Every structure is written in structure tokens, then in C-alpha cells.
**Student:** 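Attaching a single structure in C-alpha cells format; questions to follow.
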Protein chains: 2
Amino acid sequence: MGNPTLHDVARAAGVSYSTADRVLNGRGGVAEKSIQRVRQAIQDLGYRRDMTAANLSRRRSYRFAAYVPQGDHGFFSAIRRAFLAESQRRAGQRIAINLRDVTEPVTDCDCAVTVGADQDRIDALTAAGIPVVTLVSDSPGARRAYIGIDNLVAGRTAGRLHRIAHRGGPARVLPILGSAGLRDHRDRLAGAIEVLGPGSLLPAIAVADDPGRMRALLEQALRDDPGITGLYSIGAGNRGLIPLMRERGGDRPFVVLHELTPHSRAALQDGLIDVVIDQKPAEEVARALDAMKAIADGEAPAPVAITPAIFFKDNLPGDTP
Amino acid sequence: MGNPTLHDVARAAGVSYSTADRVLNGRGGVAEKSIQRVRQAIQDLGYRRDMTAANLSRRRSYRFAAYVPQGDHGFFSAIRRAFLAESQRRAGQRIAINLRDVTEPVTDCDCAVTVGADQDRIDALTAAGIPVVTLVSDSPGARRAYIGIDNLVAGRTAGRLHRIAHRGGPARVLPILGSAGLRDHRDRLAGAIEVLGPGSLLPAIAVADDPGRMRALLEQALRDDPGITGLYSIGAGNRGLIPLMRERGGDRPFVVLHELTPHSRAALQDGLIDVVIDQKPAEEVARALDAMKAIADGEAPAPVAITPAIFFKDNLPGDTP
DNA sequence: GCGAAAATGACAGACGTCAATCATTTTCTT
DNA sequence: AAGAAAATGATTGACGTCTGTCATTTTCGC
């Protein structure tokens, strides 16, 4: 009928429930041959511990902490919103998500997620014995899972879109970096170079994710090189890019940028930009929580590959983003 | 500390546990004023029934049935695989998924999902009092949730990609239908027309999702109209399209088609086609199961919008699709 | 105000696991 | 072989909910 219980395992192994329990939960004090027999019975019966019963008994509710940078970049606030929504959605599943600011100190919890490569915090959490999942921005080192897009792939995607848009013709695409120091941005740029080749990509300008700088530097670049046929904005600060495109009217380069925000969405709809590559923050958050739950349950988190979404003016998601 | 329990609710409402339980589970035989007080207490305390404990007690494991059409189209087999994988993944959550063939009769279960618009089956399930979720293909009527892409949006996306690829030049795009009778296909075509306009879209040919027909009819069409600059394959049967593109060498139209299968994937990598629009079967299945669980728990399923994925040769998902 | 019906309370045994205690048996030491 | 140590078994009471029974109280019709 139903799945086998630990009682069934104990019976099959010819030991008492207590012994089976000691083996399962590693409480020690069990003879090697008993351990083997219990393990074998678990195998044979295909026993899987019922996590709902286990958690009920432990009266454990998963305590997760999420460290999200400040800033209303639009992107981080989308991440925040996603965490709150998931927190709501999983309330019946004994999952409590503590949304914390990056400035707050580390507190105890079952698993933590950091948004962005905040190495110091990751180290602090790891030192405290808390497993860490990184979201959005990977950071090599002792973390248990990375959830986010592959930025090399994202960059290649942007490059491919420019290629398609320049079909048959030569391309002069200007890449706009937030900062050359950010690994994510470097990866995206590298991806674009892979597809477009160095010949079609101009030297990147860096605008520090700042709309003002974006506007100033981009205006300058477009004046200096009237032959620019494409823009690839790798980081943030696109509020400075959009009005420039509006001013140019019909004659503007093909524009690809990242992250679907209210601004970029409106610009797409207005035909001021062409493509938005989006990380799907809500999905990333949901997957991150799945991974955290798996880690807290002592399982290996399922590897997830998030393919960035590609938005045109025609396939924008509705009111349920 | 933890969440309030039904005991807490009863205490706050000034009634016994029994009465609170009767209200919560609608067992009847409760005075109106007691109902109100319990409801109020639930509100005040923010009580949410602990589903894990409830399910444990009911010794309920969710019994779901999935009706997937036969056929190794590649797409349906991907759906099947996704169901099996999710079945595995959720084994610890007392979720049993019964993958059934469309020819099998309806059996009792907590919620069913049909892939494709199989109205007869939906009616049979509904008549048996089983809530139904439809996957991939919507069918208006008494069903509880639809999980799948918006095919109008998918068609618009295809149209937009052709537009981008034809930037500055006139377009002659040939749409290739599976069948004009399928609502999904009609929607996709309509979407493409919205973006490209009737002027750029040639009259559609219909190939009945059959590779042989595809090959024959498409070859004919390309001969008849050498000015074709784009193909939009709306249905299946692309195994007949791909070799044609190979034969044409460098000079081929811009090709957009649907569903990432081993064939279409290889064709993308070989540069024989340009874009694949994919429904993300694995994600659809996962979302469908979420919805089914919510329905079985008596909650309203969260509305989900699945944005079709757009694949080029550069952003194909790795070994974890 | 009386009897019947309705409403309520009290309680108990599940569900599968955890965690602890204590008694008993087996194995090891020398 | 006796005593110590290790291993095992038996048992119990949670966790929060469901479901049932049964006794008691309240309400209602007349």
C-alpha cells in the first residue's frame, strides 16, 4: 500500500525499531553488522523517511535567512518581493524566511541565501556552520549551491540577438558595463565577444550602474562614433539610456539590455529598446528555497539551470510576473 | 514562538477543540455565532492549518493521475520524463503520480492532469468529481487550472524574431501549420500575423505534423516561391524540415520552430535553423503538480504564466534540461 | 416548563517520526 | 568466569491534525 515505514525497515532487518532509528539518525552505539542489515533493508524496501512526519515530530520549522542588498534598483526590490511572496506561499509548510539586510549581522538559521557575491558574509555564515546558497551572483568557494543564470550564456544570447538583427550587414555594437570588476559583467561581455567577435564589438564603456553616468558617457560615445548600430547594456543604470533613445526617434541602434524592471518594460512597449534579457528573479528565489529546503533536509540540492528569459515587446508577462 | 495551532484558535474563540475542528473542516452542527467566533479567532491569530500534520493524520498521500498522449513525438516523451522525474523528486512528500495512457479508463484520484485538449476525458473526470488541470493545451470549460504557454504570445514572439531578422528589409515568411483545426496552432499563427502583418506572411501550408509531408510540401513551396526569406514551423514534423535546410547550404531562410527536441537541438547547433521556441515541458509539469497539490489541499492554485523559452545555438541548456 | 433536537465538550486512537529512558541481552576484557 | 562495556529491545510521550464516540449542556417548539 503506502510507503514502508521505519517499523517495516526494522522488521525486515530483524532488529528493533530503536536500532533502526539509531542507524537512520546516526545516534551511534550500533554494531557494524546491524548497521549493514538496516542499510540493506532500507535499500531493499526503498524506504524514504517521511519528512513531513519527521519535521512534525521535531517541531522544526525551517528557519531561512535571505540577505538581499539594499537599493531600489528595481531588481533587488523584485527579489525582495519574491521572497515575501514565497514566504507567504510556504507558510503552511513550516518555512519561515527571514529577509535581512546585508548590513545586519549573521544570526543562526538552518540555511542562508546571499544575493550577490558577498564573500565576507558567505565566510561569516560558513564559519558559523550555516550552509549558504548564493543567488544571482556566484562566488567560488565553500557554498552549497548556486542558483542563477549562467552569465556567459546570457552574454552569448545578447550577442546572438545582435547578430540576427544585423543579418547580412556589418555590426558595430557598443557594450556598456556597470563595472569591469564584477565577474557577472565580465562573463556577459565575454559571452557577447564569443558570438560577435572582437571585430563587431567596440571597446566597452563603464558607467558604474549609474543612470547619470550612463546618460553622459553614452551620449558622448554615440556622438564620437555615429556608426554604432547596436548597444548592449550589461549592467544597471538603464534609466539613463532610455531617454537618449527616445530623443533619437526612429534612427537608433538595436538595443539589448538586462533585467525586466518597470522602466525597461515601458521602454520595450514604447519601442525604445528591442530586447530585455531577464534573470527571472521570482523563479530564482523559488528555486533557491527549494535548494535550501533540500539542504536543510540533508539531501543534495537538485542542480538547477535557469535559462535567462528573452523579452520583446510582444511577449511581456502579464500581471503575474 | 511557533505558529498558532488549532488548540490556540479554540482557546481564543472560547470554544472547545472539537468545535473549532468542526468549523474548520465544515462538519456541520455548529451554531452560527460559534462559527463566527472561530472564524474571527482564525483571522486574529493568523492561523494556518499545518498541512503536513493534516496530511500525516489523514495518512493521505496525494494521488494524482496524469494522462499523456502516446507517441514519441519527442515532446510528449519529454513530458512523460518530466512526470517521472517529478514523481521521484516528490516521493518524500507523499505524492504519488500515476502516469496513465489516454486510452486507459478514468480511475479515482485527488486531481488529474490532461495533456492536450482531450475534452472527453476532461468531461469524464469532471463527472467523477475529480478536479482537472489541463497542461499544454487549454480547453475552455469546467477545469480548475490551465498550465501552459500562451500560444498567441508564442506566435507573436516568432513574428518578432522574424521581424528582427528582416530588419530593414521586406519579409516573406512561410508559416507551416500542423493542422488548422488545432486551436494552439491557430493561436500561434494569429500571433505571428499580429506582428508581421498579413503582407509579410504567406498563406500557410499544413503538414499534419508529419515529417514526410513536411518535406514534400515544403520542398514544393520553396521551389514555387524562391523569394521566401523565413520559415515559421508552428507544429511538429520538423524532422522533415531540417534535411531540406542542410541541402540548401548557406542560402536558406531564417527558421523559427517550436519545441526543443534532440532533433531541433542538433539542428540549432549545426546552424541549420535559427530559433527554437520551447514550452519548457519540465517546468510546465512542475507547475502543474504545484497547482494540483494546491487544489487537493483545497486552496486556490496560484496563477502561473509560463513564458516560452527562446533558444539559439548559444543558450541551449546543458545536461540538466 | 417539558421533551426533543441541536450544540458543545471531553477524550482517545491514529498517522510516522523523534528523542529519551530504562531494562535486558550480548560481547569483550583479563 | 566474573565484571565491565557495548549493543539491543521495549516503551513512552510528544508534534498538530483527523475522526470517531459519548456524555453533557444549551436551545427550541409548543
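The structure presented is a predicted model; accordingly, all values stated were derived computationally and were not measured.
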**Student:** So among Val113(B), Leu99(B), Leu84(B), Val115(B), which one has a side-chain contact (heavy atoms from CB on, under 4.5 Å) with Ile79(B)?
**Tutor:** Val115(B)
**Student:** How long is the gap from CD on Glu86(A) to CG on Asp290(A), to the nearest 0.5 Å?
**Tutor:** 8.0 Å
**Student:** Distance from Arg11(A) atom CZ to Thr5(A) atom OG1, nearest 0.5 Å?
**Tutor:** 7.0 Å
**Student:** Using five base pairs at each end, measure the axis-to-axis angle across the helix from dG1(C)-dC30(D) to dT30(C)-dA1(D) and round it to 10 degrees.
**Tutor:** 10°
**Student:** OP1, OP2 of dC18(C) versus side-chain N and O of Asn25(A): anything below 4.0 Å?
**Tutor:** yes
**Student:** Enumerate the residue pairs fulfilling salt bridge (Lys or Arg N to Asp or Glu O under 4.0 Å) with a member in residues 23-35 of chain B, sequence neighbours excluded, ordered by first and then second residue.
**Tutor:** Asp21(B)-Arg27(B)
**Student:** What's the separation between atom CG in Leu24(B) and atom CD1 in Ile35(B), rounded to the nearest 0.5 Å?
**Tutor:** 12.0 Å
**Student:** In whole angstroms, how far is the P atom of dA14(C) from the CG atom of Asp50(A)?
**Tutor:** 18 Å
**Student:** Do Asn25(A) and Arg49(A) have side-chain N/O donor and acceptor atoms under 3.5 Å apart?
**Tutor:** yes
**Student:** Provide, to the nearest angstrom, the distance between the NE2 atom belonging to His7(A) and the C1' atom belonging to dC18(C).
**Tutor:** 12 Å
**Student:** Under 4.0 Å from OP1 or OP2 of dA19(C): is there any side-chain N or O of Arg27(A) that close?
**Tutor:** yes
**Student:** In Å and rounded to the nearest 0.5 Å, what is the CG to CG distance from Asp50(A) to Asn55(B)?
**Tutor:** 9.5 Å
**Student:** From dC15(C), dT8(C), dG16(C), pick the nucleotide closest to the side chain of Ser34(B)?
**Tutor:** dT8(C)
**Student:** Starting from the 5' end of DNA chain C, give me the residue, Arg58(A) or Lys33(B), whose nearest nucleotide shows up first.
**Tutor:** Lys33(B)
**Student:** Tell me what Leu56(B) touches on the nucleic acid: a base, only sugar-phosphate, or nothing, going by heavy atoms under 4.0 Å.
**Tutor:** base
**Student:** Under the ring pair (Phe, Tyr, Trp, His ring centres under 6.0 Å) test, which residues partner Phe64(A), sequence neighbours left out?
**Tutor:** Tyr62(A)
**Student:** Could you check whether Arg80(A) pairs with Asp101(A) (Lys NZ or Arg NE/NH1/NH2 to Asp/Glu carboxylate O, under 4.0 Å)?
**Tutor:** yes
**Student:** Going by heavy atoms closer than 4.0 Å, what residues in residues 13-21 of chain A are next to DNA chain C?
**Tutor:** Tyr17(A), Asp21(A)
**Student:** Identify each donor-acceptor pair in which a side-chain atom of residues 37-46 of chain A lies under 3.5 Å from a protein atom, sequence neighbours left out, and give them as a table.
**Tutor:**
residue	atom	partner	partner atom	Å
Arg37(A)	NE	Ala13(A)	O	3.4
Gln40(A)	NE2	Asp44(A)	OD1	2.9

**Student:** Please find the earliest and latest nucleotides of DNA chain D, in the 5' to 3' direction, that have an atom within less than 4.0 Å of any heavy atom of chain A.
**Tutor:** dA7(D) to dG16(D)
**Student:** Check the distance between dG9(C)'s P and Arg11(B)'s CZ and give it to me in whole angstrom.
**Tutor:** 14 Å
**Student:** Looking at OG1 of Thr114(B) and CD1 of Ile122(B), how far apart are the two atoms once the value is rounded to the nearest 0.5 Å?
**Tutor:** 4.0 Å
